[in-house]
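To start, the structure itself, in structure tokens.
Sequence lines set the chain letters: A, B, ... in the order given, protein chains first and strands last, and positions in each chain run from 1.
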Protein chains: 2
Amino acid sequence: MNEIGGRRRVTVHDVARVAGVSLATVDRVLNGRPGVRAATVEKVEAAIAEIGFHRDLSASLLARARDIGVTFIIPDGSNAFMASSAEAIERWTAPALSDRVHIQILRVKALDGAALARALDGLDAKTCDCAVIVAGEDAAVLAAVDAATRRDIAVLTPVSDLPGSQRRHFIGIDNVAAGRTAASLLGRFLPQGGKVALIAGSLHLRDHSDRPAGFHAALAAEFSTIAVVGPLEGHDEASQTESIVAALLAEHPDLAGLYNLGAGNTGLVKALDNSGRAGAIRVIAHELTAATRQGLVGGAIDVVLDQNPDGEIRQAIAAARALALGGNGLSGNAPIEIGIFLRDNLR
Amino acid sequence: MNEIGGRRRVTVHDVARVAGVSLATVDRVLNGRPGVRAATVEKVEAAIAEIGFHRDLSASLLARARDIGVTFIIPDGSNAFMASSAEAIERWTAPALSDRVHIQILRVKALDGAALARALDGLDAKTCDCAVIVAGEDAAVLAAVDAATRRDIAVLTPVSDLPGSQRRHFIGIDNVAAGRTAASLLGRFLPQGGKVALIAGSLHLRDHSDRPAGFHAALAAEFSTIAVVGPLEGHDEASQTESIVAALLAEHPDLAGLYNLGAGNTGLVKALDNSGRAGAIRVIAHELTAATRQGLVGGAIDVVLDQNPDGEIRQAIAAARALALGGNGLSGNAPIEIGIFLRDNLR
DNA sequence: AAAGTCATGAGGCACGTACCTCATTGGCGG
DNA sequence: CCGCCAATGAGGTACGTGCCTCATGACTTT
């Protein structure tokens, strides 16, 4: 009794019966194989719509000879966000295996479009149904993405979108909104107005250029009493960020707020602590990592905006599964929300 | 070739071979059927661990004769949060069907423990593997939950925990942390200190008593210059909340902040707009609904704390699937985070 | 010693789909 | 009219697990 509440499950047999064709023909239509007249295809599709047939993913997955392969290509290096993404991927590897999704991680040199393109080109459609990449806007990468798509490998681009490419799906936060949110919080934190510093990492990645745009726009629209210093570039690097912040603090004794939209937060916290002004300046940073966590708990950082890598990974896996199983992969996954963390709601 | 990268899938046959027992015995162990000596059980479990066997959910689901039934029992009435939960449930009904999860919604009278208990008692294990309920701390409900658990129906309690029961899993935000977060934000919004009003709904539900606890604790610890007015009870009702807020605003011309931890936000926004002081008072409310959305966009509300019903529903479905399939259901689902929304990061 | 109980083995069918091979049909051109 | 080919039918096997029946051997009870 494959039923709940007395209704039998609708199967391919039902489709065949209603359409007045054989099972083999239904199968040909369902799996896009050749050898069916257009008129017959329509009959089958009408029957599918009429009785509300939905392919049973369990049986489908069981019947197809091979499992689903998903390859994550992530930048190598010391970037804390990427490290936590990698952790999240590893955390989900075993559970995904229960759903016959095999996960593989490939590391490439950070910010090297050519290397990423080579990695993409090297993917074999036999062992990889779906690639998940973090890419800058690079011509070589765009070409590689399109080539992979033509080889029947779906490409997902979390974190940073690739507008010009054939990518199937974007998973990630709205970085303009993130910048706006930082501005809006700082504005409310400083009702008297004041001087606020903006620190960027590299402007190469799209997410790092969207954020300042949103930040400036929101400040201009709502908080005209706040003046912005910068942007200064910390190159996502702890020691550089530390010296920049230290210089900044020395130069502006009246600094009231600070927004670091890049990485290198270890340096940020160190500089603030050393200056003795931690807690007196309202600070917003990005990505929940060991460094920003410590900053929150210690009081040097007020708010952390987070991309929720765990959620992104989960969604990427779900989307990959849906894509590989013939769905469109877009159904029913909400966009990732911007995580906002204070000391008080740290998970 | 059921493989990726050349490694064959580990099946029950492999377990049987490695353990040196028959397939039937492995099956008995895996599905908790009687008739196996303890020593043999250990042999099988050792083999499972050794070769890393994981039950194939697809095949398992396919093999068992019936699908998974999940019943959501939600309070009837005009509560906006429940309405958006119901929407989220309906949104996920179709996608869940692809995974052989049948979703059913049962509505009971709000805040009526006896009615909820009756609904739970009426569930048949034949058509329902898992019930998801929102319950107050009621003796009748606790008993019904335990009874359902004994009938092999797993019970999940999102939103509001039931500490004394046999519930299998809690999905929901940390409401003490939510209260702390509201306090922490208001404290930072009002660096000069000031008077802040606290409005509660009913203190019957656990979430509504946890929030003020966190709120007061955080204020006391970090923001001693802020004085609290209240708590006043709005009974989660728009008209009552409106009159309370109107009276409050009239009585305290110097009110600087407001935290409504209950529902009835339509009334809150109306009272603020009518007073002409919307935007001049920092306001924090709960649950992203049409009313709070409007408040955010219009400027009457600064921040909304949200339980993310969509995420909760998704997790409840996933947990129900895992539970019904013999897993423990707890693996790999992060606790729900507190959503923090400003006008700038509205989704 | 006979009868009974318990642990286990052996094997088979079912679930719904994918994919394969081998007929069979009908229409077409030569 | 014959042969060719495209379209379709018929039917099988496989995927990995759940669940069922029946047989067998060992050990206990009377």
Nearest-Å distance, CG (A/Asp14) to C1' (C/dT17)?
13 Å
If you find the nucleotide of DNA chain D closest to B/Ala24 and the one closest to B/Phe53, which residue's nucleotide is nearer the 5' end?
B/Phe53
From CG of A/Leu23 over to C1' of D/dG11, roughly how many Å is that when rounded to an integer?
10 Å
Electrostatic pair A/Arg118-A/Asp121, nearest N-O below 4.0 angstrom
no
From CD (A/Gln104) to CD1 (A/Ile73), nearest 0.5 Å
9.5 Å
It should be established whether B/Thr25 places a side-chain nitrogen or oxygen under 4.0 Å from OP1 or OP2 of nucleotide C/dG9.
yes
Would you jot down, in residue-number order, the residues of residues 28-47 of chain B having a non-hydrogen atom under 4.0 Å from DNA chain C?
B/Arg28, B/Gly35, B/Val36, B/Arg37, B/Thr40
Compare every heavy atom of A/Phe72 with every heavy atom of A/Ile313, then report the nearest pair and how far apart it is.
CD1-CE2, 3.8 Å
Which nucleotide, C/dA18, C/dT17, D/dA10, lies nearest any side-chain atom of A/Arg64?
C/dA18
Please report the distance, rounded to the nearest Å, between CG in A/Asp56 and C1' in C/dC15.
9 Å
Approximate separation, where rounding is to 0.5 Å, of B/Ile153 CD1 and B/Thr71 OG1
7.5 Å
Starting the side chain at C-beta, find the nucleotide from D/dG18, D/dT8, C/dG9 nearest to B/Ser22.
C/dG9
If only side-chain N and O atoms of B/Ser60 are considered, is one of them under 4.0 Å from the OP1 or OP2 phosphate oxygen of D/dT17?
no
Using only side-chain N and O atoms of A/Ser58, determine if any of them is under 4.0 Å from OP1 or OP2 of C/dT17.
no
Calculate the interatomic distance between A/Arg55 atom CZ and C/dA18 atom C1'; express it in whole Å.
9 Å
Non-hydrogen atoms of B/Ala148 and B/Leu120 that approach each other most closely
CB-CD2, 4.3 Å
What is the distance, to the nearest angstrom, from the NE2 atom on A/His13 to the C1' atom on D/dG9?
13 Å
Closest non-hydrogen atom pair, A/Ala47 against A/Val18
CB-CG1, 3.8 Å
If we count only N and O atoms by modelled type, under 3.5 Å, do the side chains of A/Asn31 and A/Arg55 hold a donor and an acceptor together?
yes
Considering every strand and a 4.0 Å limit on heavy-atom distances, what is the contact class for B/Asp27: base, sugar-phosphate, or nothing?
base
